[in-house]
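Read through the structure below, which is laid out as structure tokens, and then see the notes.
Order of the sequence lines sets the chain letters (A, B, ...), proteins ahead of strands, with each chain counted from 1.
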Amino acid sequence: MNNMDREEQQLIRRAQNGDKRAFGKLVKNYEQLVYSFAFKICRDKEKADEVLQETFVNAYKGLKSFSGKSKFSTWLYRIVTNNCLMMHRKRSKEPVVSLDNTDFYQGTNELQIPHRGETPSDSVLNKELKKILDDAIRKLPVDYRIVFVMRDVEGLSTEEVGKALKLSTPAVKSRLHRARLFLRNELNKYFSE
Amino acid sequence: MRPHKKYLMEICSKIDLDLNSSACSKLKSHLSKCPECAAYYDSLKRTIILYKNYKVKPSKSRVKQIMARLNIDSDIGKNKNR
């Protein structure tokens, strides 16, 4: 265990014992991680902000139940995921798409995305590209979106994703595969038009 | 031409791995001979990289609001050297 882990453990213990300043430090340490993850799922700043605040309120109320068996971040991911799911159910107008009969191959083999530096304005391309990425991931059912973001974007291991979402390893892998292939097919549709 | 159906799942399951590792030797060998599967492999990898590189701008710090909601006084971040 390195110094940072030891420091964090102490901080958590102090917060669990009622040290409010210690809890405030935990919020400061993790608010960007939570916000960033919430945004990547909700794809909306206002929703992400709401989820961020709800997550730490929930964390404060449930802090004594954190046993330390998993990483603190894994525990937080579980809370923020639940809040994202609740937000999605409450406010989402996204059509429900089933991935059960996904054709794992669609379109051309090559992803027709222009390489950076080949267009007159990279900043314009980046904004357009971001919109395309947002549109594509919004079509991905939220349960798959969460697994994809946790595993491929945030870099959690399959095991950590399973712990955070209470899913078996095969279930994580199955959702991840379908999510990747769905997104790849969606991006192909945009770029080959 | 389409990539080989039987390799689609294998490509997806090994996309995180180093293609030069022993676990990927069969796949690597196939990709070196099959341009369709190689292109599909590349397109899947690029999809993941695009999302990985999508940076989210940090939000304004919400520590004060959160602590206020919890009725907690917090001087986290305040400059104590007045």
Side-chain angles (χ1 to χ4, degrees), chain A residues 20-21 23-28 31-32 34-40 45 48-49 52-57 59-61 104-113 126 129-130 132-134 136-137 148-149 151-155 158 173 176-188 191, chain B residues 1-17 23 27 30-80:
Chain A
K20 294 161 183 178
R21 193 178 156 79
F23 184 75
K25 278 201 118 180
L26 286 171
V27 174
K28 190 167 192 279
E31 67 169 331
Q32 287 308 330
V34 170
Y35 174 81
S36 170
F37 180 77
F39 179 86
K40 287 169 190 173
K45 286 181 191 171
D49 204 38
L52 162 73
Q53 297 196 43
E54 275 311 304
T55 296
F56 282 110
V57 169
Y60 182 74
K61 290 176 180 170
F104 283 153
Y105 173 74
Q106 280 177 29
T108 62
N109 293 330
E110 292 177 31
L111 207 58
Q112 305 292 329
I113 298 173
N126 282 344
L129 185 53
K130 278 187 174 176
I132 288 165
L133 296 179
D134 283 341
I137 203 168
F148 174 79
V149 170
R151 181 79 179 80
D152 281 343
V153 180
E154 302 287 285
T158 304
K173 285 184 175 176
L176 182 63
H177 290 181
R178 288 176 184 273
R180 285 168 169 173
L181 297 176
F182 179 89
L183 289 171
R184 182 247 170 228
N185 291 344
E186 279 300 309
L187 294 190
N188 231 16
F191 291 112
Chain B
M1 265 187 75
R2 294 169 68 111
H4 293 97
K5 203 172 182 183
K6 72 171 189 171
Y7 278 100
L8 291 186
M9 283 309 293
E10 192 171 343
I11 285 170
C12 194
S13 65
K14 293 189 174 162
I15 201 81
D16 302 312
L17 304 179
L27 177 63
H30 177 73
L31 295 182
S32 66
K33 296 173 209 148
C34 178
E36 289 77 22
C37 285
Y40 190 80
Y41 174 90
D42 177 67
S43 71
L44 192 62
K45 212 160 177 86
R46 289 170 70 196
T47 299
I48 295 169
I49 288 169
L50 280 169
Y51 279 101
K52 231 184 167 85
N53 288 345
Y54 184 133
K55 301 295 176 205
V56 175
K57 274 191 199 156
S59 73
K60 214 168 81 172
S61 178
R62 297 279 184 231
V63 175
K64 276 190 186 157
Q65 281 99 317
I66 291 165
M67 303 306 263
R69 263 182 82 171
L70 296 171
N71 254 343
I72 298 176
D73 229 338
S74 168
D75 59 4
I76 302 288
K78 272 190 196 164
N79 184 0
K80 289 189 174 175

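Contacts of A:E154 with chain B are absent, with no heavy-atom separation under 4.5 Å from either backbone or side chain. In this structure, chain B has heavy atoms under 4.5 Å from both the backbone and the side chain of A:A136.
Within the model, atoms CG of B:L50 and CG of A:D152 stand 12.0 Å from one another, a figure rounded to the nearest 0.5 Å. Rounding to the nearest 0.5 angstrom, the gap separating the NZ atom in B:K55 from the NZ atom in A:K130 is 10.0 Å. Within the model, atoms CZ of B:R62 and OG1 of A:T55 stand 13.5 Å from one another, a figure rounded to the nearest 0.5 Å. Separating the CG atom in B:D16 from the OG1 atom in A:T158 is a distance of 7.5 Å, to the nearest 0.5 Å. Rounded to the nearest 0.5 angstrom, A:L129 CG and B:N53 CG are separated by 10.0 Å. For the atom pair B:E10 CD and A:H177 NE2, the distance stands at 10.5 Å (nearest 0.5 Å).
Here the side chains of A:E31 and B:S61 are in contact, with some heavy-atom distance below 4.5 Å. The closest side-chain heavy-atom distance from A:L183 to B:I48 is not below 4.5 Å. Residues A:L187 and B:R46 are not in side-chain contact: their nearest non-hydrogen atoms beyond the backbone lie 4.5 Å or more apart. No side-chain heavy atom of B:L70 sits under 4.5 Å from any side-chain heavy atom of A:F56. By the 4.5 Å heavy-atom criterion applied to side chains, B:T47 and A:F182 are not counted as neighbours.
In this structure, B:V63 and A:K28 approach most closely via the heavy-atom pair CG2-CA, 3.9 Å. The heavy-atom pair separating A:R180 from B:C12 by the smallest distance is NH1-O, 2.7 Å. A pairwise comparison of heavy atoms in A:G24 and B:M67 identifies CA-CE, 3.1 Å as the closest pair.
For A:K173, the NZ atom is loosely surrounded, since the number of other residues' heavy atoms within 6.0 Å does not exceed 12.
A distance-only check finds a donor-acceptor pair linking the side chain of B:Y51 to the backbone of A:L133 [under 3.5 Å].
Taking the six-membered ring for Trp and thresholds of 30 and 60 degrees, B:Y54 and A:F39 have ring planes inclined between 30 and 60 degrees apart.
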